Amino acid sequence: MNRIAGLRDRAGIAYGGDYNPEQWPEEVWDEDVRLMREAGVSLVSVGIFSWASVEPRPGEYAFGWLDRVLDRLADGGVAACLATMTASPPPWLTASHPEMLTVRADGSTITPGGRQHYCPSSPVYREHAVRLATQVATRYAGHPALAIWHVNNEYGNVVPCHCDVSAAAFRRWLADRYGSVDELNDAWSTRFWAQGYGSFDEVLPPRSPAPFTNPAQELDYARFTSDELLACYLAEKEVLDRITPDVPVTTNFPPSLRPVDQWTWAPHLDVIAYDAYPDPLDPDATAKIAFSYDVMRSLRDGQPWLLMEQAPGAVNWRPRNAPKPRGAMRLWSWQAVAHGADAVMFFQWRQSRGGAEKFHSAMVPHGGPSTRIFGEVRRLGGELTAARALAGARAPRADAAMVLDWPSWWALDGPAHPSADVRFLDAAWACHRPLYDAGVACDVVRPDADLSGYRLVVVPNLYLTSEDAARTLERYVEEGGTLVMSFFSGIVDPCDRVHLGGYPAPFRRMLGLSVEEFHPLAEDATVGLPGGSGSVWSEEVRLEGAEAVERFTTGALAGGPAVTRHRFGRGDAWYLATRPDPATMRRLFDRVREAAGVAPVLPGLPGGVQARARDTEAGRWYVVLNHGTDPADVALPAAMRDVLTGADPATSVRLDPRGVAVLRPA
Amino acid sequence: MNRIAGLRDRAGIAYGGDYNPEQWPEEVWDEDVRLMREAGVSLVSVGIFSWASVEPRPGEYAFGWLDRVLDRLADGGVAACLATMTASPPPWLTASHPEMLTVRADGSTITPGGRQHYCPSSPVYREHAVRLATQVATRYAGHPALAIWHVNNEYGNVVPCHCDVSAAAFRRWLADRYGSVDELNDAWSTRFWAQGYGSFDEVLPPRSPAPFTNPAQELDYARFTSDELLACYLAEKEVLDRITPDVPVTTNFPPSLRPVDQWTWAPHLDVIAYDAYPDPLDPDATAKIAFSYDVMRSLRDGQPWLLMEQAPGAVNWRPRNAPKPRGAMRLWSWQAVAHGADAVMFFQWRQSRGGAEKFHSAMVPHGGPSTRIFGEVRRLGGELTAARALAGARAPRADAAMVLDWPSWWALDGPAHPSADVRFLDAAWACHRPLYDAGVACDVVRPDADLSGYRLVVVPNLYLTSEDAARTLERYVEEGGTLVMSFFSGIVDPCDRVHLGGYPAPFRRMLGLSVEEFHPLAEDATVGLPGGSGSVWSEEVRLEGAEAVERFTTGALAGGPAVTRHRFGRGDAWYLATRPDPATMRRLFDRVREAAGVAPVLPGLPGGVQARARDTEAGRWYVVLNHGTDPADVALPAAMRDVLTGADPATSVRLDPRGVAVLRPA
Amino acid sequence: MNRIAGLRDRAGIAYGGDYNPEQWPEEVWDEDVRLMREAGVSLVSVGIFSWASVEPRPGEYAFGWLDRVLDRLADGGVAACLATMTASPPPWLTASHPEMLTVRADGSTITPGGRQHYCPSSPVYREHAVRLATQVATRYAGHPALAIWHVNNEYGNVVPCHCDVSAAAFRRWLADRYGSVDELNDAWSTRFWAQGYGSFDEVLPPRSPAPFTNPAQELDYARFTSDELLACYLAEKEVLDRITPDVPVTTNFPPSLRPVDQWTWAPHLDVIAYDAYPDPLDPDATAKIAFSYDVMRSLRDGQPWLLMEQAPGAVNWRPRNAPKPRGAMRLWSWQAVAHGADAVMFFQWRQSRGGAEKFHSAMVPHGGPSTRIFGEVRRLGGELTAARALAGARAPRADAAMVLDWPSWWALDGPAHPSADVRFLDAAWACHRPLYDAGVACDVVRPDADLSGYRLVVVPNLYLTSEDAARTLERYVEEGGTLVMSFFSGIVDPCDRVHLGGYPAPFRRMLGLSVEEFHPLAEDATVGLPGGSGSVWSEEVRLEGAEAVERFTTGALAGGPAVTRHRFGRGDAWYLATRPDPATMRRLFDRVREAAGVAPVLPGLPGGVQARARDTEAGRWYVVLNHGTDPADVALPAAMRDVLTGADPATSVRLDPRGVAVLRPA
């Protein structure tokens, strides 16, 4: 945290974006800094894809242009989040070392011409990356613009590499993990399909077998990939820590959340950073992104995090890229702050003229500063400056928490399951949504976390669990907690081997039931529930102490339990044997919440209005967001002052459609 | 047949499943045998994927564990269908010989980590497989548990290999078949697109040309692949026949039926074995599987066959895997027996804890013996034991037969046809269904079979036919038979070259018509028929002696013949110029049947009730199956005794929903 | 033109098809010529896929059979369009030089067994092709049958090659184009994603990067591929010009139009040739093919062109291949003549017995000359003979023209755009259709053409434009022209770099507007227009002098301009900010046309009736086509004589459904 304080002091709620001046002639740079100042920009990410520009030939460095850029920024009072520039190896490197390119599972190669086309296990890549990071750190140590390091970019935002170099590294990783090949055979259940290994030398990545890969091998390959990428990060971080011990270090997690195990990464980042790209054509976009933001806030236990990238308008990489509706850029930016962000940053500062992302919106569009977008950018910059005192404020601990575990996610999304429709992110969204809609704050926790402070713990599809983690959850309930678990949880151990003894064996006692048989539903089919329906899944539940709160009304399981509740110890364990529709989920979660005593952040919020709290030294602030298209009136717990309008303190506030209020104690 | 009698004596209607004890600690094995006895299990398939377990290093054998397994089985009175274990080569073999892996048509490799990843033409694979089969046979010759050999597993249940080793073998196969390259050029019509070969050395497998492969080359590659797999089988069988001359040998055909030409394989199997996986979410599942069972019964002219694998509940390899509805496992098992099976076996005995198929149901589920599934398994075992006298009984020859020819199937499903929607299996199902629904038994025959005993022969889409086979069918009609042929039959010769002289040239005389032009229908489009519709196809028929029984009522061909009938010689030849909807098919086939004198197995069966007969030495038994969800009363030809209930003989029987009766002469 | 006159004198409106006698025994050839004479065939394309037949082994030629074929044709009075036979390399060549096979972008190889599987940059391929062309030209120079050369076949009708040989050739092409690697870096905007090249040696084809290729690299690769194919063509043409200087040379453009830049190719063809395959199941087939025909007529400024291939009935390469409806073959053939064709030719003369296209219809079907198709072929041959005087007649210059530019097409269809649904061909069809439906003739022009003679210029999605081309269009309007431009035009320069200064910068002045932001629509979504709707796209238009003719009625942009008009200089510039539905397009275009004074070819044509004019020395002829299914009466500008019926001159003509009239001055 210490290293971060400096950044906060300089940048407040950091505002800015990726700045790629090398794409423009130098005469544009002065205008850049001038417009940055005009827009209230306090931090820019520089050099993320500059490897070829600063090292145009092996070992030959060309930092002059960057010196001038950073000097201009320093002069203009704009801090730099300076990249180590290692995300996109230059043509000279891949041309001389084609063996460092990523190889897909099907054996095809990711060729140069895009980005991030390196094998993370490649010693050639790592050596060149560390060498470059060393050069950059040495050159800019002490530069007045330098505020924070941006290592690489979106680690894991490509497919895992399956090349022979990776295979060798995987073997070493496995040898470390399992010690002996017998242990490996046991962990991977290789007696099945005659896969027993005689030595680690025989092991390959899960490439392209028929009809399925070994799921335990796939799972370990996901762990290995996360670890290899982390090793890349740590190798660069080690350099930076050594050369600039006072400068904080981060890397930005990619939008999909999935590629790396963020619980294992988080301790190595001085501050969490995240790139968020909600799809304006998705009506659930803000609810989904709220989940991501809750993850980010939780990774370092509530420490403010950086929204390192978002789009001011449209992106360019979906099949159809709608712009953000008028006002949404501002609203969604404040949503990040509401969820604990201390930065609102964009990809990118100035829209590229050429290249693959020239139609990705930017703070300064092709049309220049007279555009609607730049006008909104300027306005937002002013607002964030006005709310500067919020920087550093932590959110109060939530009453509710949701369990998230990367290995379980990876295993759940694996091959040859009862239903390919059961994917973790859908499950997480389905469980997070009723809390979000009810205005309830929600933390995200590891399954083995200390849950004692939470009134409610939600466990979406925790397919994989260790016995220890299962005991933690059981103890939480036993000691008085309320827990909601959805189907297909507690099925396998950390090696993707079934917990025997009746599904879900490690949770049977806690839930007071067992599952006789899975009944996944046909595509787009539903099963009846009282006043609603379930989708994706159903299952035959045998009650063993639990009561059936709701029963299936149609289908092969009609009359059987669909939602159960078990009073266990001093607590309450709920179970969902299907995925209820959103309205039913809301109804069920409201009931659970009331029983558990979990209240919304503010009482009586109108529909579509979201509120989140952050605690400053001067007291609790609220950020209130109207996601709806009608004006809304919000009652406050006391007379408060809207930082954005500067209006007199009041006990209620009116929000325009897509309106925002930032309220501090009067 | 002799070699099979021993198995029948030991196992009756064999009951059991794949048994993979190597996946479990030895202490589980005693419980296994105990539960097998409890469930009436008489036969288990052992060692199918045990290569790596019995030969953990090249030439080093570890049979101890298997000795103990087989001893236990023998002690428990359970016979073994012992595998040669060659279906999944172990890692040490593919690691040292990667050139033996299957290569797909697109050039990518099927990598280890699944199963059946060997090139069937690989001398390395064959040498190791034969060596292993020799070891296994030598070791277990005379073992009291050994009842039958299970060679490899589901030959052809992967894509054909297109590697360079296969290419060389293909060239040898072609040289054998055609003698000279001129003959090859003629057979493959290589004047088209300048494909004329100067020598066999220039020939390749049909890999990935643009825009289409040569269809004659594709067809020969399917023949070659079937022959290469057969050579693999025969190489192992030769060993087994030599070492254990009294033990019968089989291999299990894969569910899809399509990969190998079963007519050429059947003489080499002492008993036919088949793996059946109807999809519980498919409402036509039992009708479709009935066709497969009719094929199996017919392959060795009515000899009872073995249902070697089915699932007790759900499988795990479809995108969504529903369990079998309550009672369906029993009902569908009896359906196999009704269609002539002498075994009801499952994949697998005990559900795997790990690996790619851990969610495939098993006789002993993850939940253990207290589960619903094991309860049904136990009950079914008791029933099959009660019906033991049925083992060995052949079905009476049916009145109706359906023509099936693998090369025609392969050619019909080939590239660049008038419509990609014309696929053989759909055609076969469409023609089999109205007989199935009417309770009519149906054999399956080669196109050049002796048809004289049949009252009705159905010929679905016999796209490819030799002149000889065509003459056989023609003669059948001429001599008084009734034949129904569907469109796009008689189009090409065995080299996929069009029979000139007006479609369908070899059948014009018999059918009394020619086809002016094909009018395949747009996707999901239909064409009107009186009271119904046709799909997939229509065509312009010129009557040349035939009468139009039905005419198209809509479309470009409105008023033209859609269904025709031609009295030819002493017989009757019907023709379908479209694929009528199921109700229309039923109406048409009922009319044809009545004219031909083809009766159902039992008269007056209620809708959804199926009956099949098998002739024991003590007279004709009936297996009656209620596929419906209402109770049904079935009148019997005489007072009979239900073997399952043991009730007094009666002249009718009441069947519960999904109920079964097994009736023997009183 | 001179070289072409001889062909016209011999063949009139050339009639015939691809003739592949090598697929048939010699005894069939006499019947072939007899039937050709019977059908009025005047020209056949010989030897297109005969490489393996005339050069069965390297350097060993077997022309005897072809001598006999050509002699027979000459004797029968049928001229030959003789192929250089280089489109499908024979097995001996690819077996000894597998490095000459096409490699797809994903690294997989197009293997032999189809056609056109050569890398156009391969020196091996080129050397062998030129050698063969030399042999063929030498042998048949002066042969009385030889009327025109057919070089190769459908250049570009496969995917571009991405092999290492291509990579080297691409580098040379780039070095020629850009001179220095700095220029290349600038043109390709390689500062983005660190793609800066240190030397040309580092450049690769755009193979398979993640997530996108560099769009400028893709665009140059399309240019390079077109140029490499042109080099192949020119290498053969050089041989032919040298050996047979009086014989015209052509090659047939593939149906899709897209692969090669036909503006750069056209000067090198003595006559344009095109292969047209409208889909009978597509209700818009004739409107779409009319656009293709307008392109062909325009490529050499109105010179008659050759319809080198079409199908007499069904093709075989779509998933479902419907035959042409009765009468459509004749009608659509005359449609080509109406649009300026001097040839009506088919693939192929006699339907193949074997090979990948045996189900492609032919002039002589499998059923022989007694078929419906051959009857229609004979009739059409008679009609074309009757209309012989039309050969050589040029169409009068149209009042309307549409701009077509291949680099813009390629760039528009490139990766990572605001919407993947914006594809050039759809845009062209959408803009061509309202003219076609209104009976208005339309030329096709380069963007930098002299437009002064046109009353109306239509510019569909001219995404890429040079400043010069933009000035040409602007000047056209300024000087009095009427122009209609659709959205997403004028966006990038020839290197796919955005024209800065507010979209569409180069056209802002002319259009009197700028575009604030793109709002592409969700899949299948629409946006309201008065009385109709728009699809695919919408955008926020700022009026800067233009008036809003129509405004969006729904969506985020409701009330904003959807269709604008700007009086600029002495002219009028219209702009479409969405893709209106066809009825709205018709309404808008009718309005624009009336204002611009653009009249249909004949006034008062009934719906579904098309008329086109061609000017003979004896005056203006009209070809009138009834695409409808009802009879139609058409009033003529004067008493004219129907060449097909020979009826007395009249001032009106009645057309049957699918009827045709060919009218000459009385």
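Side chains are part of it too, since the values below use all heavy atoms of this structure and drop only hydrogens, waters and symmetry mates. Residue numbers start from 1 in every chain, and the chains themselves are labelled A, B, ... in the order their sequence lines are given, proteins ahead of strands. Keep in mind it's a predicted model, so treat the numbers as computed, not measured.
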Proximal component of [X], with respect to chain B [non-hydrogen, under 4.5 Å]:
X        : value
C/Glu22  : both
C/Pro89  : backbone
C/Pro112 : both

Least distance between heavy atoms, [X] atom then [Y] atom:
X        : Y        : result
B/Pro215 : C/Gly355 : CG-O, 3.5 Å
B/Leu521 : C/Arg320 : O-CD, 3.5 Å
B/Ala194 : C/Ala52  : O-CB, 3.6 Å
B/Phe192 : C/Ser352 : CD1-OG, 3.9 Å
C/Arg115 : B/Pro211 : NH2-CG, 3.5 Å
B/Glu516 : C/Ile373 : OE2-N, 4.2 Å

Interface residue of largest heavy-atom contact number with chain B, from [options], under 4.5 Å:
options                               : answer
C/Thr371, C/Thr94, C/Leu281, C/Val315 : C/Thr371
C/Pro323, C/Gly354, C/Gly367          : C/Pro323
C/Leu101, C/Thr111, C/Asn321          : C/Thr111

Parallel, tilted or perpendicular, as decided by the 30° and 60° cut-offs, for the rings of C/His366 and B/Tyr503 | perpendicular
[X] versus chain C, the contacting section by heavy-atom distance below 4.5 Å:
X        : answer
B/Asp106 : backbone
B/Val422 : neither
B/Asn185 : neither

Just wondering, do C/Gln351 and B/Val498 contact through their side chains at under 4.5 Å, heavy atoms?
-> no
Hey, does B/Arg191 have a side-chain heavy atom less than 4.5 Å from the side chain of C/Ser50?
-> no
Side-chain donor/acceptor of C/Ser88 to backbone N/O of B/Trp193, under 3.5 Å | yes
Heavy-atom donor-acceptor pair, B/Gln195 side chain to C/Pro91 backbone, under 3.5 Å |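 A pair under 3.5 Å: no.
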Count the heavy-atom pairs under 4.5 Å between each of [options] and chain C, then report the option with the highest count.
options                                : answer
B/Gly502, B/Ala416, B/Ala105           : B/Ala416
B/Trp537, B/Phe518, B/Trp188           : B/Phe518
B/Ala522, B/Gly501, B/Ala505, B/Gly107 : B/Ala522
B/Ser108, B/Pro418, B/Pro415           : B/Pro418
B/Gln217, B/Glu523, B/His519, B/Arg542 : B/Glu523

Without hydrogens or angle criteria, can the side chains of C/Arg353 and B/Ser189 be said to hold a donor-acceptor pair below 3.5 Å?
-> no
Chain C neighbours within residues 199-210 of chain B, where any heavy atom lies under 4.5 Å away |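 Under the 4.5 Å heavy-atom cut-off, B/Glu202, B/Leu204, B/Arg207, B/Ser208, B/Pro209, B/Ala210 qualify.
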